[in-house]
Amino acid sequence: MLEGINKIGDLEWEVPIGYVANMRVPGRFFLSRALAETLEEGAVRQLANVATLPGIVKHSLAMPDIHWGYGFPIGGVAAFDMTEGVISPGGVGFDINCGVRLITTPLSEADLAGRKRDLIERLFAAVPTGVGAKSTLRVSNRELSEVMVNGARWAVERGFGTGADLARCEEEGAMPGADPDAVSAKARQRGAPQLGTLGAGNHFLEIQVVKEIVDPEAARVFGIVEGQVCFMVHCGSRGLGHQVATDHLRILESALGKYRIQLPDRQLACAPVDSPEGRAYYGGMASAANYAWANRQVIMHEARKVFAEMYGIDYDEMRLVYDVAHNVAKFERHDVDGAQAEVCVHRKGATRAFGPGAPGIPHAYAAVGQPVLIPGSMGTSSYLLHGTTTAMQKTWGSTCHGAGRVLSRSKAKKEVRGKELRLQLAEEGILVRASHDSVLAEEAPEVYKPSHEVVRVVHEAGLSGIVARLNPLGVIKG
DNA sequence: ATGTGC
């Protein structure tokens with residue numbers, strides 16, 4: 001472990017006050033010895049830097065998938081007081097409400113046999129992928145405002161899915177407080193033609209099979225059985241969210257002097273939660289988050305359509321298990337020094353993991369806690385977990401979001417050949433379809449930390465409990 | 001992640 005870090009539990013580490021100057025609270029992170037080998041000193045410094053921000057409550061936290069990011073580390077979680085504290089785009093990330101949803105089907109792996117290539121090709125044709133991907137869906141400026149306020153509900157009202165889906169989304173697919181007026185014309189311009197598109201990088205639409213049930217009782221509650229074919233959508237708010245982050249970072253940077261905020265790193269630009277600039281960022285961020293929920297709802301519907309046409313199954317036989325956000329800031333009530341208080345929780349590459357009985361989770365899941373979805377990297381397992389009481393106590397009800405990169409995109413491109421990788425995965429029975437083989441190299445399994453180890457740590461640390469492991473059968477990527 | 005980089 002790095003010098004100056006204290007071990008405070010089997011998988012828990014403390015960054016003491018003084019690790020960097022002006023820390024208000026200690027840092028804490030969760031990590032195994034195996035993951036410690038790839039821990040970046042810069043990411044720990046970022047975790048400590050977050051602890052210098054005004055109004056931070058309890059600890060600056062990071063999950064075991066911690067790695068170096070913009071300002072805050074990815075895998076970072078931090079809560080701020082509603083009157084003394086700040087809100088920061090660096091604590092959310094550029095891809096606002098990047099998230100994951102999981103949908104079950106009544107099919108088994110054997111039902112796909114022989115038609116899997118056809119299925120992948122049809123899904124690839126139905127869902128636009130790639131950096132600049134544009135949708136066939138056209139939304140007017142007024143409709144885009146409705147998307148930003150109503151999120152997944154807008155999509156359902158337009159015929160993409162049903163009302164039952166909304167009850168299976170975090171925030172029911174639309175967080176409150178969205179302010180479309182805090183979204184620039186440029187952000188609208190980028191977002192309008194992209195609704196219903198997957199994007200690029202680690203985003204994917206994947207066909208999976210439930211390979212292993214670890215917690216039978218929770219699996220029953222979530223409606224998952226071994227051998228079942230599912231599909232998973234991992235994407236975010238596309239160019240719209242990126243532009244909202246860019247616009248508000250600039251605004252917040254120029255307001256730092258006004259609020260006499262001194263930062264160890266300009267990338268931590270922020271404003272008081274309760275200030276015009278802070279409220280504007282929140283309103284823009286919530287708008288982008290809701291756009292992302294609508295985006296995943298549209299993509300899910302297009303995928304359901306393909307499955308329905310190919311296998312003659314009904315739409316309501318393809319049930320949404322849950323949809324989680326892993327890049328967002330929210331106002332939530334938590335225990336602070338023995339009393340309930342509202343705080344502004346930032347989760348950046350971290351997933352909400354509310355435990356049994358927590359408010360805001362579907363009634364049907366109340367007994368086991370909310371579903372937590374951890375996407376694997378290309379060719380590796382994804383996981384379904386449940387939230388816990390321990391997470392409520394230790395991490396503001398948060399857990400990891402997946403595996404962090406260990407190799408930069410440029411290094412990955414030098415070391416991996418996309419076509420070879422595609423052929424190798426095909427031999428393992430995993431069909432990959434992307435616009436170009438070259439984009440696959442950047443997403444090769446070996447350029448990411450092993451997600452099973454990250455998941456093992458959050459399970460062992462009690463931040464969430466493993467319910468099931470899902471293996472990829474086919475994937476479409478940007 | 002991103003109309004990919006000052």
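Please read all numbers here as calculations on a predicted model, not as lab measurements.
The interatomic distance linking A:E442 (CD) with B:dG5 (P) rounds to 13 Å, in whole Å. One atom, CD1 of A:I74, and another, P of B:dT2, lie 14 Å apart when rounded to the nearest Å. The distance from atom CZ of A:R405 to atom P of B:dT2 is 12 Å, rounded to the nearest whole Å. Taking atom CG on A:L249 and atom P on B:dT2, their separation rounds to 17 Å, with Å as the unit. For the pair A:L198 CG and B:dT2 P, the interatomic distance rounds to 9 Å; values are reported in whole Å. The separation between A:F94 atom CZ and B:dG5 atom P is 10 Å, rounded to whole Å. Rounding to whole angstrom units, NZ of residue A:K413 and P of B:dT4 are separated by 12 Å. Between the NZ atom of A:K411 and the C1' atom of B:dT4 there is a distance of 19 Å, rounded to whole Å.
Pairs engaging residues 150-160 of chain A under the side chain to side chain donor-acceptor pair (under 3.5 Å) rule: A:E143-A:R158, A:N150-A:R153 [sequence neighbours left out]. Listed by first and then second residue, the salt bridge (Lys or Arg N to Asp or Glu O under 4.0 Å) pairs involving residues 51-75 of chain A amount to none (not counting sequence neighbours). Identified under the salt bridge (Lys or Arg N to Asp or Glu O under 4.0 Å) test for residues 394-405 of chain A, with sequence neighbours left out: A:E12-A:K394, A:R405-A:E443. Sorted by first and then second residue, the salt bridge (Lys or Arg N to Asp or Glu O under 4.0 Å) pairs with a member in residues 283-299 of chain A read A:R296-A:D323; sequence neighbours excluded.
For A:R409, no side-chain nitrogen or oxygen approaches OP1 or OP2 of B:dT4 to under 4.0 Å.
No engagement by A:Q189 is indicated, since no non-hydrogen atom pair under 4.0 Å with the nucleic acid exists.
With sequence neighbours excluded, the residues satisfying ring-ring contact (aromatic ring centres under 6.0 Å, His included) with A:F354 are A:H334. Applying the ring-ring contact (aromatic ring centres under 6.0 Å, His included) test to A:F204 and every residue at least two apart in sequence or in another chain returns A:H234. When the ring-ring contact (aromatic ring centres under 6.0 Å, His included) test is applied to A:Y322, no partner is found at least two apart in sequence or on another chain.
A:S275 places no side-chain N or O within donor-acceptor distance of the main-chain N or O of A:A271, the cut-off being under 3.5 Å. A:Q370 contributes a side-chain N or O that, together with a main-chain N or O of A:R352, makes up a donor-acceptor pair within less than 3.5 Å.
Annotation: proximity of residues 126-143 of chain A to DNA chain B (heavy atom, distance under 4.0 Å) is found for A:V131, numbered in ascending order. Contacts between residues 239-246 of chain A and DNA chain B, counted as heavy-atom distances below 4.0 Å, involve A:G239, A:H242.
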